[in-house]
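Letters A, B, ... mirror the listed sequences (proteins, then strands); counts begin at 1.
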Protein chains: 2
Amino acid sequence: MKLNEAKEKFIQTWGSLASSWGINRTMAMVHALLLVSETPLSTDEIMETLLISRGNANMNIRELMGWGIVRKELKMGERKEFFVADKDIWNVFKQIVKERRKRELEPVIASIEELKKVDNGNGEAGEFLALMDSLLHVTTKASVLLDLAVKSDENWLMSKLLKLIK
Amino acid sequence: MKLNEAKEKFIQTWGSLASSWGINRTMAMVHALLLVSETPLSTDEIMETLLISRGNANMNIRELMGWGIVRKELKMGERKEFFVADKDIWNVFKQIVKERRKRELEPVIASIEELKKVDNGNGEAGEFLALMDSLLHVTTKASVLLDLAVKSDENWLMSKLLKLIK
DNA sequence: TTAAACTTTCAAAAAAAATTGAAAATATTT
DNA sequence: AAATATTTTCAATTTTTTTTGAAAGTTTAA
């Protein structure tokens, strides 16, 4: 397999993984393209390579910057903006986990806390409350665990976790 | 807040969480409905409560059974099928993790392994190979970690993890 | 074996999400 | 300050996903 072919396949793989996790397919493809690119790319280069429109390219680049995994790079003598992906995959992983925890997990935890205030005068909400409690247990534990992953160094964390398995 | 109102809100919350994780909104709502229901529900009851068609209800119930988090329950003297959700949330969590790891993480790991076979005669694929290696590191470690979560008991795991934090 | 009760399938329709492309806005150079 | 280059926005369009509902299939009971 030639390098360019492998890069293309990687872009496809990354794109389809993302879409099954509720992330825009094109955004993941732009990310993959920047990951495999040895040099910073301009919006035009991204448009050409992925055959997407300017609007689409712009939107997704912006979103990737919002996730903190792509940054702008300016070239001297060039008016265009160029983009680079953070190549430290552990860092990318942490960044995504951090964002999704904030955007999705935390609101759900807050919402379940809210639902625990349900009227239970006659005890009819007992089962419901028990369900909310167990949901809260699992979600807050997941949240704590993700926090641990995000805050710690990869090697330290992994050596500790591997010890748990034995 | 009245119990029924709280149940409705929970169904909405669960539905929107799911859709941001690439899971069909209606499927999550059916799941939530079964979670908060004190008794097994028939397809008709699910249709009526969520205002969805028979085909949709059937499809999503079937899918939930495929995920192993909802099961059929037969009532004596009744010809209809009734459905119940597993109320053990830790179990539900493990089941979902197990399935998604199998369905999505493993194929990606296999695909990256494949891409490592790229032609590197003249050394031009060096950066690409380094990227694949680091991806493989993170994904296989995530996979191992999820395996640990799935195979171990909730309390044991959590007490160990909490120790790591200190 | 027939009929009624119930479940499944799937083509068509509807809804939701993503994409386009051109106009507007912004930034840079002359 | 005008011209040019570049980026951003967003209404309209396209694509993808979800949902419907009626027909076909299956199971149970009489």
Query raised in the report: Taking CG from A/L74 and C1' from C/dT28, how many angstroms apart are they, rounded to a whole number?
Result: 13 Å
Report summary line: Atom CE of A/M47 and atom P of D/dT7 are separated, to the nearest Å, by 11 Å
Query raised in the report: Do the side chain of B/N56 and the main chain of B/I52 share a donor and acceptor less than 3.5 angstrom apart?
Result: no
**Report entry** Atom-pair distance (NZ on B/K72; P on C/dC6), nearest Å
**Finding:** 14 Å
Query raised in the report: Which whole-number value in Å describes the distance from B/D44 CG to C/dT8 P?
Result: 12 Å
**Report entry** Nearest-Å distance for atom pair CD/P, residues A/E63 and C/dA17
**Finding:** 14 Å
Report summary line: With the side chain defined as heavy atoms from C-beta on, A/N58 is closest, among C/dT19, D/dT9, D/dT18, to D/dT9
**Report entry** A/S53 side chain, from C-beta outward: closest of D/dT18, C/dA18, C/dT20
**Finding:** C/dT20
**Report entry** Quiz item: cation-pi between A/R103 and A/W67, 6.0 Å / 45°
**Finding:** yes
Query raised in the report: What is the distance, rounded to the nearest whole Å, between atom CG of A/L64 and atom P of D/dT8?
Result: 13 Å
Query raised in the report: Of the candidate nucleotides C/dT8, D/dT20, D/dT7, which contains the atom at the shortest distance from the side chain of B/I52?
Result: D/dT20
Query raised in the report: Does a donor on one side chain sit under 3.5 Å from an acceptor on the other, for B/E104 and A/W21?
Result: yes
Requested in this report: Give the nucleotide from the list D/dT7, C/dT7, C/dT19 with an atom nearest to the side chain of B/T43.
Outcome: C/dT7
**Report entry** C/dT8 phosphate, OP1 or OP2, under 4.0 Å from B/R62 side-chain N/O
**Finding:** yes
Query raised in the report: Given that B/N56 and A/G55 both sit by DNA chain D, which one's nearest nucleotide is further toward the 5' end?
Result: A/G55
Query raised in the report: When you measure from the centre of the six-membered ring of A/W14, is the NZ or CZ of A/R25 under 6.0 Å away and within 45° of the axis?
Result: no
Query raised in the report: Rounded to the Å, how far apart are A/E78 CD and C/dT29 C1'?
Result: 14 Å
Query - Position toward the 5' end of DNA chain D (nearest nucleotide), B/R54 or A/R79 - result: A/R79
Query - Length of the CE-P vector between B/M59 and C/dA11, whole Å - result: 14 Å
Query raised in the report: Are the charged groups of A/R71 and A/E73 less than 4.0 angstrom apart, N to O?
Result: yes
